[in-house]
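Scope of the values below: all heavy atoms of this structure, side chains included, with no hydrogens, waters or symmetry mates.
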Amino acid sequence: HGPCYCDQACARTLDCCHDYARACPVSPCVVSQWSVWSGCAEPCKTTYRVRRRHVIQEPRNGGEACPPLEERAGCVEYWTQQGTECNQSLIPALITTGGFGKARKKRAAADGSERAGYCVEFQLVAITPGCLHSHHSYTHWMQYLREGHTVCVECQHPALDSRSLHCYGDGSGSKKNQLLHWQAVGNAQCKGSWKRIRQLDTCSCPSVHSFLFI
């Protein structure tokens, strides 16, 4: 008798249409929980990993639409599917100021473990703002990092691996102009990328832009 309505207010005014319960209420999309993250799409490359969820109930009558059903995140795996270690160029270099080098060499000489090291020149490509916000005395050196500058990083004992005779993150085996990554020790917010220029078997790093592999 008379007009009927298909809105949420009709339940209070008692003028809902006879099929209101079936046809009218707004139902939002309902999705499942996220799945666990997958492994990296490819080993030994900077790629991505994926997690997914599925639709449990589609939206009805103008209900809220479904959110994205897939998410991707950056991912690097350092081991192949056969369990062998990937090329070292993928591993971020841990660096600190070259000022610690003399003390390290004295300790190495004292226990007879000093080996001939080498240096690698890099061009700094990107630096995070966190390098400028290092207030501890042992992190002041990070404030002098500048994009575009060439830096010299020394590989010496004990960072020099006895098997590979390389320091992790030195970029050995990387392609020309490949972006490599570094992380400053003592401040997790100070990191960036650089390009390997060349390796120097005889180190002569300038004091201003001299660093150590850790």
Side-chain angles (χ1 to χ4, degrees), residues 27-59 63-96 117-118 120-134 139 142 145 147 151 153-199 211-214:
S27 299
C29 178
V30 179
V31 295
S32 66
Q33 295 293 317
W34 286 109
S35 66
V36 297
W37 284 102
S38 70
C40 292
E42 294 183 64
C44 301
K45 289 185 179 180
T46 303
T47 54
Y48 61 88
R49 54 182 179 162
V50 179
R51 66 175 183 173
R52 296 183 175 91
R53 55 188 173 185
H54 61 272
V55 175
I56 296 176
Q57 176 182 289
E58 295 283 355
E64 187 176 346
C66 293
L69 302 179
E70 181 178 292
E71 280 189 347
R72 296 186 177 190
C75 181
V76 177
E77 284 182 357
Y78 299 124
W79 299 89
T80 67
Q81 295 175 347
Q82 291 73 35
T84 58
E85 192 173 7
C86 297
N87 190 303
Q88 287 192 17
S89 65
L90 283 172
I91 302 173
L94 293 175
I95 62 170
T96 189
Y118 60 92
V120 183
E121 287 185 351
F122 296 94
Q123 181 183 27
L124 289 168
V125 176
I127 302 168
T128 58
C131 297
L132 299 176
H133 307 303
S134 303
T139 62
M142 301 175 192
L145 293 165
E147 292 180 2
V151 297
V153 189
E154 187 171 354
C155 176
Q156 58 180 224
H157 181 83
L160 182 64
D161 184 77
S162 59
R163 294 168 298 175
S164 66
L165 298 179
H166 281 278
C167 283
Y168 282 101
D170 72 348
S172 59
S174 62
K175 298 176 182 177
K176 187 176 181 180
N177 292 326
Q178 180 178 346
L179 279 181
L180 309 171
H181 301 282
W182 56 268
Q183 164 76 58
V185 174
N187 178 5
Q189 303 306 313
C190 182
K191 52 191 173 183
S193 59
W194 56 19
K195 293 180 181 178
R196 179 184 170 109
I197 299 175
R198 59 175 177 162
Q199 179 172 319
F211 305 100
L212 295 175
F213 289 109
I214 297 296

pair [X]-[Y]: side-chain heavy atoms closer than 4.5 Å:
| X | Y | answer |
| --- | --- | --- |
| Val31 | Ile56 | no |
| Val36 | Arg51 | no |
| Trp194 | Leu179 | no |
| Ile95 | Leu212 | no |
| Thr96 | Phe211 | no |
| Val125 | Glu147 | no |
| Leu180 | Gln178 | yes |
| Glu64 | Cys29 | no |

For [X] and [Y], work out which heavy atoms get closest and say how close.
| X | Y | answer |
| --- | --- | --- |
| Trp182 | Cys131 | CH2-SG, 4.0 Å |
| Leu69 | Trp34 | O-CZ3, 3.8 Å |
| Ala65 | Pro59 | CA-CG, 4.4 Å |
| Arg196 | Phe122 | CA-CD2, 3.5 Å |
| Cys190 | Leu145 | SG-CD1, 4.0 Å |

Would a distance-only check, ignoring hydrogens and angles, find a side-chain to backbone donor-acceptor pair under 3.5 Å from [X] to [Y]?
| X | Y | value |
| --- | --- | --- |
| Ser35 | Arg52 | yes |
| Thr128 | Gln189 | yes |
| Asp170 | Cys155 | no |

| field | Heavy atoms of other groups near Gln33 CD, more than 12 under 6.0 Å | value | no
More than 12 heavy atoms of other residues, nucleotides or ligands under 6.0 Å from CD of Gln57: is that the case?
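For Gln57, atom CD is crowded (more than 12 foreign heavy atoms under 6.0 Å).
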- Residue pair Val50, Glu70: steps toward the side chain to side chain contact (heavy atoms under 4.5 Å, CB included) verdict: CA-CA 7 Å; Val50 179; Glu70 181 178 292; 3.6 Å; yes
Practice item. For side chain to side chain contact (heavy atoms under 4.5 Å, CB included), just list the numbers for Gln156 and Tyr118, CA-CA rounded to whole Å, side-chain angles, deciding distance to a tenth of an Å, and then say yes or no. Key: CA-CA 7 Å; Gln156 58 180 224; Tyr118 60 92; over 6 Å; no
Rounded to the nearest 0.5 Å, the CD atom of Gln123 sits from the NZ atom of Lys195 at a distance of 6.5 Å
Taking atom types as modelled, find out whether Ser193 and His181 have a side-chain donor-acceptor pair closer than 3.5 angstrom.
-> no
Working for side chain to side chain contact (heavy atoms under 4.5 Å, CB included), residues Val30 and Val55: CA-CA 6 Å; Val30 179; Val55 175; over 6 Å; no
